[in-house]
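Quick notes on the structure that follows.
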Amino acid sequence: MVIKNNIITVKKPPLFSFAECLWFLDRNYDDCAHTVKQDAVWKALQLGEENYLLKIYEKDKTIKIEVVVGPASAKSKKLIESFVVEWFDLNNNLEPFYKALRKDKQLSYMYKDFYGLRLMGITDLFESLCWCIIGQQINLSFAYKLKRRLVERFGIKLEYEGSLFYIFPDFKALAQASAEELKAMQFSSAKAAYLINTAQAFSDGLLSKSILQSLPDEESRHKLLTSFRGIGTWTANYVLMKTIRDPNSIPHGDAGLLKALINHDIIEDKKDTQKIKLFFERYKNMESYIVIYLWRSLAIH
DNA sequence: CACCAGGCGATTT
DNA sequence: AAATCGCATGGT
């Protein structure tokens, strides 16, 4: 009998659906950040100095994390477990959010239809910022294509049983990329410069997740982020939501968010900032979660 | 062909 | 301060 010691077991929290989270990861886009196969998600990532390939699936009342590639020492397992808990937002109690949702006449259907969906994070700040810059003002299909090109060129490739898995490039690799090469990959000149500038800001120690987390409030985090070229209010808020997990962060001006608000007759046109403000007051300190659920609704409207 | 896309920075009013 | 403009290019 073989005893597997490369599996980590995590308890599922209440108000959680692994299937709904997997649905989000496997929307109709070609995201190179992970692979959904059958009922499991495969994820390549770097933690500390080590590269890992994880296979994550549910079993009974638990989530299983199989360390497919990489060390499965006690220390590694601890890091991996923290990563998954953060990625799936497992420590967040959604009860207050669901309470507010159930009271919402227009949106209460989401309580059933999207039950258990979590705010799937982007735990790495550099990756999160790059993803925003790539996605600015272009459609998502094209954005995912650009991201794949960037990752295949500058990222780390992991091969396992004939399949390829990618780890997002280190900022050091992008800091010395040439704008010309990025432009040849169909990035606009502005975006090529933003990406390289951002990578250099990390290289120069001007920006990091811990720097951001050490700041006292959302306002100061937003201010630091937007001091860099290419990081506007939308990008700053997106990152605060997906990476820093500020609960009250809203990516104002987001095209998808506005479309969802119009679909639900919450606003009539995109410039109705007053009604948008009123709407979000119903979700104080849960703004980022209602944004995720509104984005989720775009797939059914 | 027109219009929009998970915006941003620069310029003009 | 607030509105407008140029960017770049794939999707529909």
> From E218(A) CD over to L212(A) CG, what is the distance, rounded to the nearest 0.5 angstrom?
Replying inline: 10.5 Å
> Over how many whole Å does the gap from I133(A) atom CD1 to dG9(B) atom P extend?
Replying inline: 9 Å
> H252(A) has an atom NE2; how far is it from atom C1' of dC8(B), in whole Å?
Replying inline: 17 Å
> Mapping T226(A) and R27(A) to their closest nucleotides on DNA chain B, which lands nearer the 5' end?
Replying inline: R27(A)
> Under 6.0 Å from the CG atom of D204(A), do we count more than 12 heavy atoms belonging to anything else shown?
Replying inline: yes
>> Quick one, I290(A) and L107(A) - any side-chain contact, counting heavy atoms below 4.5 Å?
In response: yes
> Got a sec, which residues hit side chain to side chain donor-acceptor pair (under 3.5 Å) with Q136(A), two or more places apart in sequence or on another chain?
Replying inline: T235(A)
>> Just the rounded figure in Å: distance from C1' of dG11(C) to OH of Y144(A).
In response: 16 Å
> What string of B, S and - do you get for nucleotides 3-10 of chain C 5' to 3' if you count protein non-hydrogen atoms under 4.0 Å?
Replying inline: -----S-B
> For the pair made of CD1 in I134(A) and C1' in dC8(B), what is the distance, rounded to whole Å?
Replying inline: 16 Å
> Can you list, by residue number, the residues of residues 275-291 of chain A that have a non-hydrogen atom closer than 4.0 angstrom to DNA chain C?
Replying inline: none
> For L225(A) and dG7(B), what is the distance between atoms CG and P respectively, to the nearest whole Å?
Replying inline: 17 Å
> Do the side-chain N and O atoms of D104(A) and Y111(A) include a donor-acceptor pair separated by under 3.5 angstrom?
Replying inline: no
>> Between P on dC3(B) and NZ on K259(A), what's the gap in Å once rounded to a whole number?
In response: 17 Å
Can you check nucleotides 10-13 of chain B for protein contacts, nitrogen or oxygen pairs under 3.5 Å, and list what you find?
residue	atom	partner	partner atom	Å
dA10(B)	OP1	R229(A)	NH1	2.9

>> Tell me whether the count of non-hydrogen atoms from other residues, nucleotides or ligands lying under 6.0 Å of NZ in K77(A) goes above 12.
In response: yes
> Can K209(A) and E86(A) be counted as an ion pair, charged N to O under 4.0 angstrom?
Replying inline: yes
> Is there any side chain to side chain donor-acceptor pair (under 3.5 Å) pair reaching into residues 157-172 of chain A, and which pairs are they, with sequence neighbours excluded?
Replying inline: none
> Taking the six-membered ring for Trp, are the ring centroids of F126(A) and W131(A) within less than 6.0 Å of each other?
Replying inline: no
> Base, sugar-phosphate alone, or nothing: which one does L258(A) contact when heavy atoms must sit under 4.0 Å apart?
Replying inline: nothing
> Going by distance alone, is a donor N or O of one side chain under 3.5 Å from an acceptor N or O of the other, for K64(A) and T9(A)?
Replying inline: yes
>> Using a 4.0 Å heavy-atom cut-off, does F228(A) contact any base of the nucleic acid, only the sugar-phosphate backbone, or nothing at all?
In response: sugar-phosphate
> Starting at the 5' end of DNA chain B, which residue's closest nucleotide do you reach first, K270(A) or G230(A)?
Replying inline: K270(A)
> Atom CG of N197(A) and atom P of dG9(B): how far apart are they, to the nearest Å?
Replying inline: 11 Å
>> Tell me if the centroids of the rings in H264(A) and F279(A) come within less than 6.0 Å of each other.
In response: no
>> Among residues at least two apart in sequence or on other chains, which ones pass ring pair (Phe, Tyr, Trp, His ring centres under 6.0 Å) with Y57(A)?
In response: none
> Taking the P atom of each, how far is dA8(C) from dT11(B), in whole Å?
Replying inline: 14 Å
